[in-house]
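Here is the structure we will look at, set down as structure tokens.
Every value quoted in this text rests on a predicted model; they were computed, and no experiment measured them. Counting starts at 1 for both ligands and their atoms, in listed order. Counting from 1, the numbers follow the sequence of the chain as shown.
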Amino acid sequence: MEFEKILKNPLYKNLHSEPLVKENSSTKSMKMYIESYGCQMNFSDSEIVASILTSQGFSITQNIEKADLVFINTCSIREKAEQTVKNRLKVYNAIKKKKNPGMIVGVLGCMAERLKEKFLEEDKLIDIVVGPDAYRDLPNLIKRVEDGRKAVNVILSNEETYAEISPIRLGENGVTAFISITRGCDNMCSFCVVPFTRGRERSRDPESIVNECKQLVKDGYREVTLLGQNVDSYLWQGGGFKKEFKNLSKEQQKKSINFAQLLDKVAKVSLNLRLRFSTSNPQDMTEDVLHVMAKHNNICNYIHLPVQSGNNRILKLMNRGYTREEYLKKINEINEILPDCAISMDMIAGFCTETEDEHQDTLRIMDKVKFDFGYMFRYSERPNTPAQRKFNDDVPESIKLKRLSEIIDKQMSHSLEKNKQKIGREFEVLIEGFSKKSINHLFGRTKQNAVVVFPKENYKKGQYVIVLIEDCTAATLIGKVIK
Ligand code: SAM
């Protein structure tokens with residue numbers, strides 16, 4: 001996105017206008033390039049970074065070789081994600097040496113938070129290290145680098161939600177957008193690095209969420225996804241850490257807004273705006289949320305409900321806060337209240353001490369639920385997590401891979417079976433753009449989050465159409481528009 005386009009973007013008008021750093025001729029003309037890895041929250045954070053810096057006169061370029069400032073927004077969730085980031089840094093290094101010796105390189109996000117100053121010691125290429133709660137400080141940090149110093153800010157906050165910052169949408173489709181509603185996580189799943197890299201859980205002011213949705217509708221967007229590590233745990237109590245809720249007076253507690261209430265408010269913004277949310281946690285998802293979903297036609301009937309394992313001993317070691325039976329009860333509740341709701345999951349293969357029988361429990365819970373789709377991983381030990389400190393990562397890599405491939409095979413067969421059941425049915429589809437494989441075809445998603453491909457004819461992105469499903473693969477529905 002070039003600067004001219006940003007200035008035309010109405011969101012720009014709402015940006016924090018007080019300069020955080022005195023503008024000078026060098027920062028004014030600086031072009032920044034930003035690359036994001038990991039979860040949707042990271043992509044959403046990059047849009048906040050883009051907003052903070054463009055409000056200070058920086059422009060955005062899609063061409064890394066033309067950039068004065070290169071940011072990589074990183075993920076620490078698995079070792080492989082960190083390796084990807086390290087490989088990209090090598091590429092930046094080569095560009096810097098060959099083409100642009102003055103290029104400033106900044107590492108943002110979870111990996112920055114995890115490695116802190118170590119990053120600067122290990123990799124001489126890096127100039128700036130910024131954690132997820134310190135993006136407002138970026139203009140000052142850049143100034144520091146321009147003055148010849150290295151710059152680090154990895155302070156985690158108890159308040160920061162970037163509530164009033166209108167993100168610069170970096171995703172190009174102009175139809176679907178992400179909105180972060182909580183930051184951090186209090187769950188302490190033993191395998192997970194998130195509480196250490198993103199801090200304790202805080203919720204964002206509902207007014208600012210509703211206003212962002214209204215602005216998106218005005219800008220032509222047709223779908224928002226509310227984001228959080230655990231959206232069901234959303235609780236607006238006037239600011240601060242969620243764990244402080246219990247210290248509030250009864251009066252103050254009564255005034256708080258929970259996730260079901262927030263969903264209800266956002267759904268009322270516009271009937272033309274579809275609403276999704278992610279990620280849900282089985283221990284926090286209430287029946288109220290399901291009833292609000294049933295009440296509003298524009299809330300998509302799709303729930304991403306990570307299960308992680310089908311075995312009670314492993315779930316306990318993971319500190320997930322529910323049993324296999326409780327998870328299945330939640331699935332029944334969803335099926336009863338929202339009969340046509342798609343459900344997806346996350347699953348981890350080969351967690352510490354997992355036996356073959358326990359892995360079979362995972363395959364059995366998949367057979368019971370028949371998820372529509374899934375995100376499946378082999379366990380990757382993360383430094384300083386409770387699992388790393390307390391348990392042995394003793395399942396050999398070859399066994400982890402074997403179990404993961406069994407989980408993936410099973411999911412593929414369930415996804416195909418679920419998709420086949422849709423042949424002959426009609427679905428409302430929001431068109432998101434051209435199909436990857438052909439410019440004569442468009443793609444969009446059903447409310448159940450299934451991807452649908454169909455002939456383009458005269459249809460355009462952003463339109464709602466009714467598609468009759470005629471064929472499918474495990475990943476895609478194929479059809480034609482009938483209305
Ligand atoms: N907050 C969500 C939750 O806990 O359900 C999602 C967090 S994470 C960004 C997305 C997924 O990555 C998790 O649900 C889990 O399946 C996977 N994951 C997290 N830590 C992992 C680890 N150490 N090894 C393998 N997979 C991991």
Side-chain angles (χ1 to χ4, degrees), residues 36-45 73-84 109-111 113-114 132 178 180-201 225-234 242 259 277-285 303-310 314-315 317-322 326-327 330 343-354 359 362 365-366 371 373-395 397 399-401 403-404 407-408 411:
S36 311
Y37 291 89
C39 64
Q40 285 165 341
M41 287 213 70
N42 268 7
F43 287 79
S44 174
D45 277 4
N73 196 347
T74 61
C75 172
S76 272
I77 203 88
R78 285 168 288 277
E79 202 182 340
K80 201 169 153 224
E82 291 201 351
Q83 198 48 52
T84 308
C110 291
M111 208 172 155
E113 191 64 51
R114 195 178 83 69
F178 295 108
S180 296
I181 62 162
T182 66
R183 296 188 74 83
C185 188
D186 285 350
N187 272 0
M188 287 303 213
C189 301
S190 63
F191 52 79
C192 189
V193 81
V194 167
F196 308 98
T197 58
R198 288 187 162 270
R200 302 304 298 258
E201 189 177 314
T225 303
L226 304 181
L227 290 180
Q229 293 300 332
N230 177 8
V231 280
D232 299 273
S233 161
Y234 176 92
K242 180 177 175 184
F259 185 56
F277 53 85
S278 187
T279 299
S280 288
N281 189 297
Q283 64 171 328
D284 293 302
M285 175 167 245
I303 296 174
H304 181 57
L305 199 66
V307 54
Q308 316 293 8
S309 165
I314 296 295
L315 285 172
L317 287 186
M318 288 178 165
N319 195 30
R320 285 294 289 177
Y322 54 85
E326 284 162 343
Y327 184 88
K330 193 62 64 186
I343 302 171
S344 61
M345 53 72 172
D346 289 345
M347 201 72 93
I348 298 179
F351 186 65
C352 311
T353 71
E354 184 190 68
H359 164 63
T362 290
I365 203 169
M366 291 176 72
F371 296 98
F373 31 93
Y375 302 89
M376 298 149 283
F377 315 96
R378 72 189 129 124
Y379 174 60
S380 163
E381 186 178 79
R382 304 313 291 135
N384 300 323
T385 52
Q388 189 264 329
R389 283 185 270 119
K390 289 194 282 189
F391 312 133
N392 263 341
D393 179 15
D394 57 357
V395 178
E397 211 51 29
I399 303 285
K400 282 184 188 170
L401 282 172
R403 289 180 189 167
L404 177 62
I407 290 171
I408 292 173
Q411 186 50 51

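Considering backbone and side-chain N/O atoms, F191 comes within less than 3.5 Å of an N/O atom of ligand 1.
The nearest protein atom to atom 25 (C) of ligand 1, hydrogens excluded, is given as R378 O, 3.4 Å; this is a heavy-atom distance. In terms of protein heavy-atom proximity, atom 6 (C) of ligand 1 is closest to Q229 OE1, 4.1 Å. Protein heavy atom at the shortest distance from atom 4 (O) of ligand 1 is R320 NH1, 3.1 Å. The closest protein non-hydrogen atom to atom 24 (N) of ligand 1 is S380 N, 3.0 Å. In this structure, atom 18 (N) of ligand 1 lies nearest to the protein heavy atom R78 NH1, 3.3 Å. In terms of protein heavy-atom proximity, atom 8 (S) of ligand 1 is nearest to I77 CD1, 3.6 Å.
Side-chain contact between M345 and M376: present, with at least one pair of heavy atoms (C-beta onward) separated by less than 4.5 Å. Q411 places none of its side-chain heavy atoms less than 4.5 Å from the side chain of M347. Counting heavy atoms from C-beta on, the side chains of P195 and Q229 never come closer than 4.5 Å.
Atom numbering of ligand 1 starts at 1 in the shown order; those under 4.0 Å from a heavy atom of P306 are 5 (O). Of all atoms in ligand 1, listed by their number and element, those nearer than 4.0 Å to a heavy atom of R382 are 23 (N). Using a 4.0 Å cut-off to heavy atoms of D346, the atoms of ligand 1 that qualify are 10 (C), 11 (C), 13 (C), 14 (O), 16 (O). Near Q308, meaning under 4.0 Å from one of its heavy atoms, ligand 1 places the atoms 5 (O), 13 (C), 14 (O), 15 (C), 16 (O).
Under the 3.5 Å distance criterion, the side-chain polar atoms of N42 are matched with a main-chain donor or acceptor of T74.
The two atoms that bring Y322 and V307 nearest to each other are OH-O, 2.7 Å, heavy atoms only. Considering all non-hydrogen atoms of both residues, L227 and V231 come closest at C-CG1, 3.7 Å.
Taking 4.0 Å as the cut-off, N230 does not count as a neighbour of ligand 1 on heavy-atom distance. Heavy atoms of V194 stay at 4.0 angstrom or farther from ligand 1.
The existence of a salt bridge linking R320 and E326 is excluded, since no basic side-chain nitrogen approaches an acidic carboxylate oxygen closer than 4.0 Å.
Between Y327 and F371, the ring planes lie tilted relative to each other; the angle falls in the 30° to 60° range.
For E397, the CD atom is densely surrounded, since the number of other residues' heavy atoms within 6.0 Å is greater than 12.
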